[in-house]
Amino acid sequence: MKKILQNFFKILPHLLFVALLLVIIFLPDSKDVEIENKIPFIIVAIIFEVQLLLQWKKAAIYDVTSIVFLILLIWDFKATKFATGRKLLLPSPENVFQIFVSDYPKIIEGLISSFRLLGIGFLFALVLGVVFGMITGWFTRVYDTVMPIVKVISPIPAIIYTPYAIACLPSFQIAQIFVLAISMFWGIFLNIVYRVSHVEKEIVDSARTLNLSSSSMFFHILFPYSVPSVINALSGSLTSAFMVLTAAEMIGARSGLGWFVKYYSDYADYTRVVAGIIIIGIVVTVLNIVIKFADQKLVRWH
Amino acid sequence: MAKLKFENVYLEYHDKNDYYSALEDVNFEIKEGEFVSIIGSSGCGKSTTLSILSGLKDPTKGTFYIDEKESHGTSINRAVVFQNYSLFPWMTTKKNISFGIKQVEKHKSKKEIEKIAKQYLNAVGLDGIDNKYPYQLSGGMRQRVAIARTLAMEPEILLMDEPFGAVDAKTRVVLQDMLLELLERGNEKKTIVMVTHDIDEAILLSDRVFFMADKKIAKEFQVDFARPRNRQDIFATSKYKELRQEIMSYFYKDVKENIGNEEVVL
């Protein structure tokens with residue numbers, strides 16, 4: 001009995017995939033809905049099926065994929081096939097995924113705009129966080145002076161600074177970079193301070209007996225020793241910085257993914273709004289994958 | 001001329017309301033090329049003595065001389081093997097050794113340094129693990145690499161803090177024999193101080209054994225077996241048995257006096 005059930009859950013996603021394709025292609029659309037192009041949606045369904053086939057060894061992937069197909073199926077039923085009055089608020093999936101094709105220059109432009117700000121803010125946060133973090137963690141005197149102040153300032157959510165920064169700084173971009181840098185800085189800084197101030201005594205002793213200069217101590221010992229904590233900090237703060245960015249773009253920007261979503265919701269174009277939300281989800285996922293990859297590549301010794 | 005000399009050395013910690021002493025009036029001289037082991041139970045001050053010898057700590061009273069000159073802090077003519085963690089976990093085996101050499105031979109090219117590193121890896125019986133990280137090695141292999149790194153730096157003074165304390169009994173025998181062989185091989189004799197709590201190890205390797213108890217050197221033993229030494233030959237002699245017995249009796253006396261104070265590992 002248990003075996004039968006297990007096999008059923010292994011076959012279920014494939015059944016749902018076939019059902020989804022049949023529904024998309026053959027079930028007539030509701031009269032109120034205009035469908036331009038079904039192919040992007042079909043491609044999305046195929047992508048999910050392919051990733052299932054590629055990861056067939058993992059048990060959990062079957063259930064996850066089943067749920068995804070189920071959601072797409074219900075969505076398609078509600079929004080395309082049997083759409084009723086609220087079709088404006090619930091755009092049909094065919095049209096949403098078509099946006100990826102029709103609006104792709106705008107989306108790429110938004111991505112570049114968002115990532116330029118994120119990248120510059122990240123660089124500032126990284127350099128300042130690493131340098132000040134190592135100094136604060138290493139010198140007890142600096143630690144004792146700086147940390148009481150840090151404990152007050154660091155918990156303030158960076159996004160709070162946004163309106164003030166926009167008012168104070170010469171351009172929206174600079175204000176945005178400032179807020180992004182702060183939102184990532186504290187995570188990196190605090191993680192490094194903790195790691196450096198708790199460095200194993202044996203490692204320091206071993207380094208000291210090599211008679212290292214202080215610059216060598218920082219560059220060859222404390223810095224590589226801190227790399228895992230930087231990555232650890234980033235896994236949380238990079239995605240939350242992206243959220244800060246998209247949220248801020250809804251306030252004052254004229255480009256970027258957050259702006260994209262806000263702009264079209266002002267025109268009640270919920271097809272584009274949903275497409276924008278999905279893209280943001282994809283971006284966050286890709287960021288997390290990149291960090292995980294960096295973790296495996298840079299911290300192989302851990 | 002004494003290579004290393006302690007003159008009335010004290011090490012005391014003063015806190016706001018805490019006073020603690022780790023060494024009290026320690027005196028000794030170690031000649032160039034001599035191998036000295038320091039043994040004693042935990043808390044007797046043997047590791048603190050090594051910390052001063054390595055320059056990680058300075059005496060709070062008294063003087064520590066190297067080559068008859070007062071010494072403070074670390075210097076590059078001394079190299080240390082710790083029980084654990086001598087190696088940097090983020091560097092591969094080859095990098096770890098090269099990093100040590102680089103601190104001594106600043107003018108040498110990367111290629112030359114790597115060649116030396118390879119030679120010493122080979123000397124400690126490790127080939128083909130150049131690009132392995134310390135966590136990928138067994139405890140015994142890590143200590144081999146640590147020894148290779150210190151020897152590759154060609155220090156005048158080699159200091160070891162329970163170098164084989166964290167490896168299993170079989171590996172320990174192998175490593176001791178390896179160390180004996182490596183020390184015979186070197187053209188100029190290094191001055192070596194080793195902290196251990198293994199009496200057999202102390203007798204097998206050293207020329208003199210310091211027995212420390214209660215923050216002082218309580219007794220010195222001369223070990224005059226001829227070199228090159230062989231484990232089986234030495235352990236079979238009655239001289240060895242007597243010496244071991246004598247050191248043991250000091251251990252027991254120390255244990256009885258400090259019962260309940262410290263955990264004693266023989």
Side-chain angles (χ1 to χ4, degrees), chain A residues 126 130-131 133-134 137-141 143-144 188 191-235 291-302, chain B residues 47-48 50-58 71-93 95-106 131-137 142 145-146 149-150 152-153 155 157-163 165-166:
Chain A
L126 186 68
V130 168
V131 171
M134 288 205 300
W138 184 240
F139 298 107
T140 319
R141 177 99 190 253
Y143 183 95
D144 291 342
I188 296 171
N191 267 283
I192 290 205
V193 168
Y194 183 82
R195 186 145 170 102
V196 171
S197 61
H198 287 76
V199 56
E200 282 100 328
K201 194 179 152 288
E202 291 87 347
I203 286 182
V204 178
D205 280 354
S206 180
R208 281 180 59 204
T209 57
L210 293 177
N211 207 31
L212 298 184
S213 63
S214 16
S215 72
S216 211
M217 189 76 185
F218 272 97
F219 284 114
H220 292 115
I221 307 296
L222 294 179
F223 178 67
Y225 179 79
S226 312
V227 169
S229 68
V230 176
I231 297 197
N232 187 23
L234 287 183
S235 61
I291 291 165
K292 208 173 152 195
F293 184 74
D295 188 34
Q296 285 164 353
K297 277 279 146 193
L298 292 174
V299 210
R300 266 179 303 169
W301 54 271
H302 209 44
Chain B
S47 284
T48 313
L50 203 84
S51 296
I52 293 178
L53 285 169
S54 63
L56 290 172
K57 287 184 184 134
D58 283 329
S71 169
H72 299 281
T74 58
S75 64
I76 205 65
N77 61 349
R78 283 171 281 173
V80 190
V81 180
F82 295 95
Q83 183 174 0
N84 279 316
Y85 280 112
S86 299
L87 304 175
F88 300 119
W90 55 88
M91 294 184 191
T92 59
T93 304
K95 273 245 180 80
N96 257 298
I97 299 178
S98 305
F99 187 70
I101 302 170
K102 221 186 293 173
Q103 307 313 316
V104 194
E105 309 275 3
K106 302 215 188 242
N131 295 317
K132 290 248 190 301
Y133 288 91
Y135 83 94
Q136 295 170 304
L137 307 176
R142 275 202 288 266
V145 178
R149 183 173 80 181
T150 44
M153 292 167 71
I157 300 157
L158 179 57
L159 304 166
M160 296 187 280
D161 193 356
E162 303 197 24

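By convention in this document, chain letters (A, B, ...) are assigned in the order of the sequence lines, proteins followed by strands, and residues within each chain are numbered from 1. Quick caveat: nothing in here was measured; it's all calculated off a predicted structure.
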Checklist entry - Sequence neighbours excluded, which residues qualify as salt bridge (Lys or Arg N to Asp or Glu O under 4.0 Å) partners of Glu200(A)? => result none
Side-chain donor-acceptor contacts of residues 98-106 of chain B below 3.5 Å, not counting sequence neighbours, with atom names and distances?
unit_1    : atom_1 : unit_2   : atom_2 : d
Ser98(B)  : OG     : Lys94(B) : O      : 2.8
Gln103(B) : NE2    : Phe99(B) : O      : 3.0

Checklist entry - Listed by chain and number, what are the side chain to side chain donor-acceptor pair (under 3.5 Å) partners of Lys297(A), not counting sequence neighbours? => result none
Item to check | Closest approach of Ser206(A) to Ser86(B) (non-hydrogen atoms, all atoms of both residues) | outcome: OG-O, 2.6 Å
Checklist entry - Shortest non-hydrogen contact from Thr209(A) to Ser54(B)? => result CG2-CB, 4.3 Å
Exceeds 12 heavy-atom contacts within 6.0 angstrom, atom [atom1] of [X]:
{"X": "Lys132(B)", "atom1": "NZ", "answer": "no"}
{"X": "Tyr194(A)", "atom1": "OH", "answer": "no"}
{"X": "Tyr135(B)", "atom1": "OH", "answer": "yes"}

Checklist entry - Picking from Met153(B), Arg149(B), Met91(B), Gln83(B), which has the most non-hydrogen pairs under 4.5 angstrom with chain A? => result Arg149(B)
Item to check | Asp161(B) CG to Asp205(A) CG distance, which is reported to the nearest 0.5 Å | outcome: 9.5 Å
Next on the checklist: In the structure I gave you, are the side-chain heavy atoms of Ile203(A) and Pro89(B) within less than 4.5 Å of one another anywhere?
Outcome noted: yes
Next on the checklist: Checking the side chain of Arg208(A) only, and the main-chain atoms of Leu56(B) only, is there a donor and an acceptor separated by less than 3.5 Å?
Outcome noted: yes
Checklist entry - Applying a criterion of heavy atom separation less than 4.5 Å, what residues of residues 222-231 of chain A form contacts with chain B? => result Pro224(A), Tyr225(A)
